[in-house]
Amino acid sequence: MSPAPANHPPQLVDRYGRVVSYVRISVTDRCDFRCVYCMAEDMEFLPRAQVLTLEELAYIGRAFVELGVQKIRLTGGEPLVRRNVIQLFRDLGALPLRELVLTTNGSQLPRMAQDLRDAGVRRVNISLDSLRPDRFRKITRVGDLHQVLAGIEAARRAGFERIKINAVILRHRNDDEVIDLVRYASDRGMDISFIEEMPLGIIGDHDRAEAYYSSDEVRRDIERVYTLTATTETTGGPSRYFRISETGTRVGFISPHSHNFCDTCNRVRLTVEGRLLLCLGQEHSVDLKRVVRANPGDLESLKQAIRDAMAIKPRGHEFDLAARPVIIRHMNVTGG
Ligand code: SAM
Ligand code: SF4
């Protein structure tokens with residue numbers, strides 16, 4: 001089933017006149033992988049009482065849609081490892097959203113891809129940093145490449161409108177696979193985005209400044225083989241898009257360090273603990289879990305808390321690779 005088009009007027013406008021139309025929701029901090037740039041090897045996960053229930057997540061999603069949000073992305077942690085998560089997709093898929101989308105590591109797609117498509121998910125982003133099984137295992141610490149590749153094939157069969165591969169490129173880890181990943185995506189009619197590593201959380205695996213491989217370097221690697229043409233497409237986020245002239249593949253570069261995107265920011269994030277984060281790189285937040293639990297069934301008080309939150313959305317972020325992370329949250333809690 002495809003969701004109906006958005007029909008709620010925009011009500012979420014911040015101090016700088018930016019309209020918030022996009023919410024990224026982290027549905028769990030847990031994951032079946034331990035990617036080196038995302039998590040420490042020994043992670044302590046949140047106790048269940050601290051995490052929003054699936055019903056609370058659907059309820060908050062409804063409030064956002066009534067406030068004019070048109071796009072919801074479910075992410076995590078790994079959203080598909082949360083028990084019964086398909087019900088949340090069904091509940092959100094029934095709302096008048098323009099787009100319900102998902103970011104996943106792909107491991108559960110062999111069993112879930114078709115149900116997700118049927119629930120109304122239009123597009124999926126699947127993370128894939130290497131096509132070599134041993135290297136894939138090293139980057140994810142525990143992941144099985146073949147399971148993820150089978151997940152990507154299941155997603156292709158399920159008929160999503162678009163599938164995008166997300167790759168984080170790290171120097172001396174997988175920077176020699178840029179072309180192989182582009183070829184893998186374009187051979188299958190998928191898009192691909194390259195993400196620069198962000199300093200979120202203390203990970204203890206590598207020196208982030210040393211491993212940093214910029215979008216400009218990835219672009220230079222691609223242009224040794226293909227012709228890239230800039231497109232004007234924008235998502236109001238940190239992505240710039242190009243097309244490969246030879247194959248038509250869309251290539252995105254997500255570059256929080258090298259290119260400023262804050263002026264057109266249209267998004268907020270909901271953490272798994274129900275904190276509404278107004279900016280990925282800042283700590284400004286509002287505790288929506290408290291609002292929901294203190295006022296059961298009172299959707300208007302929740303909507304008002306979200307409207308009020310717009311007043312503290314900061315103008316922009318301040319990432320600095322050389323400094324220790326000021327943001328102690330890991331990406332799995334924030335929702336990547
Ligand atoms: N588990 C799902 C996945 O891996 O796609 C969804 C959550 S994950 C946090 C979302 C995206 O964030 C993934 O593409 C991952 O590669 C990326 N990511 C995680 N930690 C990051 C970091 N420190 N810097 C940049 N990207 C990161
Ligand atoms: Fe899990 Fe995604 Fe983080 Fe990897 S990037 S550890 S798959 S949440």
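Each ligand, and each atom within it, is numbered from 1 in the order the structure gives. For this chain, numbers begin at 1 and follow the sequence in order. The shown structure was predicted, so the numbers you read here are calculated from the model rather than taken from an experiment.
Proximity of R208 to ligand 1, defined as any heavy-atom pair under 4.0 Å, is confined to the side chain (atoms from C-beta onward). Under 4.0 angstrom from ligand 1, the non-hydrogen atoms of T103 come from both its backbone and its side chain.
Scanning both residues, R293 and T53, for their nearest heavy atoms gives NH2-N, 4.4 Å.
Not one N or O on the side chain of R243 forms a donor-acceptor pair closer than 3.5 Å with the backbone of T229. The main-chain N or O of R98 is found under 3.5 Å from a side-chain atom of R122 such that the two form a donor-acceptor pair.
The CZ atom of R123 sits 11.5 Å away from the CZ atom of R117 when rounded to the nearest 0.5 Å. The CG atom of L116 sits 5.5 Å away from atom CZ of F160, with the distance rounded to the nearest 0.5 Å.
Within the 4.0 Å heavy-atom cutoff, G76 counts among the residues contacting ligand 1. Heavy-atom distances between G77 and ligand 2 reach below 4.0 Å in at least one pair.
Of the charged side-chain nitrogens involved, at least one lies within less than 4.0 Å of a carboxylate oxygen, so that R250 and D191 count as a salt-bridged pair. With salt bridges taken as basic N to acidic carboxylate O contacts below 4.0 Å, none links E177 and R183. Salt-bridge check for E41 with R34: failed, with every basic side-chain N at 4.0 Å or more from each acidic carboxylate O. Between R220 and E223 there is no salt bridge, since no side-chain N of the basic residue sits under 4.0 Å from a carboxylate O of the acidic one.
Between T75 and ligand 1, not a single N/O pair is under 3.5 Å apart. Between E78 and ligand 1, a contact under 3.5 Å exists for at least one N or O pair.
Against a heavy-atom cut-off of under 4.0 Å, V168 is close to the following atoms of ligand 1: 16 (O), 26 (N). Close approach to T104 involves these atoms of ligand 1, each under 4.0 Å from a residue heavy atom: 2 (C), 3 (C), 5 (O). Interface of F33 with ligand 2, defined as ligand atoms under 4.0 Å from a residue heavy atom, comprises 6 (S), 7 (S). Using a 4.0 Å cut-off to heavy atoms of N166, the atoms of ligand 1 that qualify are 14 (O). Those atoms of ligand 1 that come under 4.0 Å of a heavy atom in N105, given as number and element, are 2 (C), 3 (C), 4 (O), 5 (O). Short contacts between ligand 1 and I195, defined as distances under 4.0 Å to a heavy atom of the residue, involve ligand atoms 14 (O), 25 (C), 26 (N).
No more than 12 heavy atoms of other residues, nucleotides or ligands lie within 6.0 Å of CG in D42, so this atom counts as exposed by the packing criterion.
For residue C38, no N/O/S atom approaches atom 1 (Fe) of ligand 2 to within less than 2.8 Å. At a cut-off of 2.8 Å, C35 is counted among the residues with an N, O or S atom near atom 4 (Fe) of ligand 2.
Residue G77 holds the heavy atom nearest to atom 6 (C) of ligand 1 of all those in G106, A167, G77, S127.
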